[in-house]
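What follows is one structure encoded as C-alpha cells, with my remarks underneath.
Order of the sequence lines fixes the chain letters, A, B, ..., with proteins taken first and strands second; residue numbering starts at 1 for each chain. Heavy atoms only: backbone and side chains are in, while hydrogens, waters and symmetry mates are out.
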Number of protein chains: 2
Amino acid sequence: MSTTLPPVRPPTLRDVALGAGVHPATASRALNPATRPLVNTETASRVLRVAESLGYRPNPIARSLKTSRSATVGLVIPDLTNPLFPPIVRGIEDVLGPAGYNAWLVNTDNDADREESLIDSLRSRQVEGLIVATARLQHPLLDRLHAEGVRMVLINRRTANADLPSVTGDDATGVATAVAHLADLGHRRIVHLAGPQNTSTGLVRHRAFLQALRDHGLDDDLGLVAQCASWSEEEGARALRELLDAGREFTAVIAGNDLLALGCYDVFAERGIECPRDLSVVGFNDMPFIDKLRPPLTSVRVPHYELGSEAARMLLEGLRSPTWQVRSVLLPLTLTRRQSTGPPRHTPAENLG
Amino acid sequence: MSTTLPPVRPPTLRDVALGAGVHPATASRALNPATRPLVNTETASRVLRVAESLGYRPNPIARSLKTSRSATVGLVIPDLTNPLFPPIVRGIEDVLGPAGYNAWLVNTDNDADREESLIDSLRSRQVEGLIVATARLQHPLLDRLHAEGVRMVLINRRTANADLPSVTGDDATGVATAVAHLADLGHRRIVHLAGPQNTSTGLVRHRAFLQALRDHGLDDDLGLVAQCASWSEEEGARALRELLDAGREFTAVIAGNDLLALGCYDVFAERGIECPRDLSVVGFNDMPFIDKLRPPLTSVRVPHYELGSEAARMLLEGLRSPTWQVRSVLLPLTLTRRQSTGPPRHTPAENLG
DNA sequence: GCCCGTAGCGCAATCGATTGCGGACCCGGT
DNA sequence: ACCGGGTCCGCAATCGATTGCGCTACGGGC
C-alpha cells in the first residue's frame, strides 16, 4: 500500500537533498557549477544523479527572490503587428536564449502613458535590462531611467541624448545610396516623404536627404519634402497627394519607410499613375513581402534581425560588467533594387500633372 | 548628517507597515481588495496612503513564490515572423492585460524538441496556463500536458484529440465558400495546394475541398490536389509547378494558405502566366499587405485578432474555475474578393499548358 | 457581574533557493 | 599529545509577501 501522494508536487531542492542524504545548502552548491568546487566531488555527483533522477528543475521564482536577478530583459516595442518588429524580436531572442535569458515583450502602441506603466511593471518584475524600440528624440522617461542606472539599449531609433547606447541602421548613408541610385537613373527632381521629426529615423533621413541632394548638385528646394505625422500608409498617401495637388514637379519619391511607400501605391492606383514610368519610388526597411508588390518595391534594406541580435549582445555585455562602456552602433544598410525605380520619362522641367 | 542609504532599495511591504504603524500582515490585507474587509476601514486607508506616498509596488516574484501563481500564461507559437501570428498575439495580450495577466512568448520554429524544452521552461516559471499555436494532429506532448491537468487552449490548429479546448477558424466552411466563389465564376476544374496533413488546418481544408467539389457536382479527381510539405512559398511554388508539369487541366487554384499562394505568384512570373486571366488563385488567411500584391489576392479571411482574444478569454475562464468545461470554438470565416480571381478563359476541357 | 460573539490585528510559518559563518573532522608536523 | 590548516558540509537567516491561527478588546444579553 503506497502512501498517499500530494498532487504531484514538482521536486524541490529539499527533495534532492533528502534523496542524496545531504543538507539543501550542499545540494544547492553541488548543483551550481560556480560553487561546485566547494563540495566533495563524489557528493556532488551523487546530488547530480539524484536531481537528474527526480527530474529536479530549480524554481526560478524562488531563485529570483533571493538573488534579485531574473534572467529576463524587457523588450519595449510600439506594435508587434508592424512587420518591422518580428525580425528584431527574433534576433534578440536568438541571442538571449542561449545566454540563459528571456525577453519579456510589451506593446506601447506609441502611447507615452502606456509606455511608462508598462516599463514600470517590467521593472517590478525585476527585469535586468531593457531593449527599447520606442525612442523619441526628446524622451524624458528614458533619460530618467538611464540616470537611475537602468541597463538599457535603444534599438532602431535613438534619442537626442547620445549617452544612451543604441543599435540603429546607418540611415544617412542609406538615404545617400537611394539618392545616388535615382540620380544615376537620371532623376533631377526627387521628393522625400519625411517621417515624424520627433524620431531620430525621421529626422536623420530627412537631413540626409537634403544633404545628398546638395552633394549631387541637385536643388534642395524645401517644397520637395512633405512631412508625415506618422509612419503609416494613410500618411504616405496623404503626403503624396498633397505634393501632386500643389503642382510640384518631380519624377521620384524617397519614402521615409515602406509603409509610406505603400501609401504612394494607393495614390498611383487612384490617379492612374504608372510606376516607375511616371514616378519612381524608393522605400525604406525592405519589409517582408515587399518584393511581391506591384511593382516590387526598391527599398533600403535594414538588417532588422541583426539589429536585434546586436542589441541583445550589447545588453548582455552591460549586464555582466558593472562598469559599462556605453557605445552606439550603426549597422550598414544596402539598397535592394527592384522594379519601382527606373529612368524618368519626363525631363525635369516638365510637370507631371 | 544623514544616515548612509543603501542604493535606493524599492519599498517593501515591511516599509509600508512600519510607516503605517501596523504589522506587515495587516498591511498585506489592507492592500489586497479581497481581504481588505478584514481590517478596520480607517487602518486600511492609512496603509493605502502610506503605500501610495512611498510608491510601494508589490514584488510579484515574492508573491508568486508564496501563492505559486504568476499572473502569466505561456504563448507557444512556431515563428513570430510569420505574419499570421502578430495579430493573434495582440488579441491575446489585449485580453490578458486588463485581467492582470501577461503573456510569455516562445518560438518553437516547428521543432518538437525545442517545443518541449520551451514548454518545460515556461512551466518552471510557473505559468498558469498555455495558449498553443503549434498543434499537430498527433501530439503526444500536448496530450500528456492535458492529462497532467495543465490549463491549455489550442489556437488556429487543433489536435486529433478533441478533449483539448481550441479556438480555430471554421476552415471547412471557408473552403466551401472559396469553391462556391470559383464555381460561380464558371470554374469547373479547380486544384488545391494542400498544406501539411499532420496539421488540422491542412487536413480539414483538404477534406473540405473534396467535399465542396462533390457538392458542386464537380470532379473530385485526386490528381487535383497537390501536397505541400510545409506552409511556405517554396512549397507552394513547387506544388504548382508539379501540377503544371504533369499536364493537369485546371483554371483555378485554392491554396492552403497565403504563403502557398505567394509561391504561385512566383510561378506565374516564371512562366508568364497571367492571373486571373490564365489562372485564378484563392489564398487563405488574408494576411496583412496581401491586398497590395500583383494582383491583389482573393483570400479567405481568418479573424486572427479575434482568435487570439477568444482563446485568451477561454483560458482565463479556465484559470478561474477549478472545474473547467472544455469546449472548442470555431470562428466564422469570410471570403475577401480581390483581383486574383475571375472567370476562366478556357473551357474546362482545354489544357492550360 | 458574567459569558460569549465578533471585529481587528499580530505572530510565525511558509513558498524554494542561496549564502555567510562556523563547526567537525582529518592530516601532517613537532 | 597538541596544534594549525584545509576540506566539506550544515545551520540558520534571508529575499518579500501571504495566510492560518489565535489573542485582545469591546459590547451586548441575561
Here's a test for you: under side-chain contact (heavy atoms from CB on, under 4.5 Å), which of B:I119, B:V150, B:L122 qualifies with B:V127? B:L122

Minimum side-chain heavy-atom gap B:L65-A:K66 below 4.5 Å: no

Check whether any side-chain heavy atom of A:M152 sits under 4.5 Å from a side-chain heavy atom of A:L142, and report yes or no. yes

Heavy-atom distance under 4.5 Å between the side chains of A:Y56 and A:D15, does that happen here? no

Can you tell me if A:S64 and A:S70 form a side-chain donor-acceptor pair at under 3.5 Å? no

Once you apply a heavy-atom cut-off of 4.0 Å, does A:S64 come out as touching a base, just sugar-phosphate, or nothing? nothing

State, yes or no, whether a side-chain contact exists between A:N110 and A:D79 at a heavy-atom distance under 4.5 Å. no

Taking N or O atoms only and anything under 3.5 Å, show me the protein contacts with nucleotides 23-26 of chain C, one pair per line.
none

Take nucleotides 11-18 of chain D nucleotide by nucleotide from the 5' end and write B, S or -, depending on whether a protein heavy atom sits under 4.0 Å from the base, only from the sugar-phosphate, or from neither. BB-BBBSB

A:R313 and A:S309, any side-chain heavy atoms less than 4.5 Å apart: yes

Axis deviation across the helix from C:dG1-D:dC30 to C:dT30-D:dA1, five-pair ends, to the nearest 10°: 70°

B:E52 and B:R49: CA distance, side-chain angles, deciding distance, salt bridge (charged side-chain N to carboxylate O under 4.0 Å, His left out) verdict: CA-CA 5 Å; B:E52 169 72 18; B:R49 269 209 324 281; over 6 Å; no

Applying the side-chain contact (heavy atoms from CB on, under 4.5 Å) test to A:L154, which of A:L164, A:L130, A:T134 qualifies? A:L164

Residue pair B:T72 / A:W104, side-chain heavy-atom distance below 4.5 Å: yes

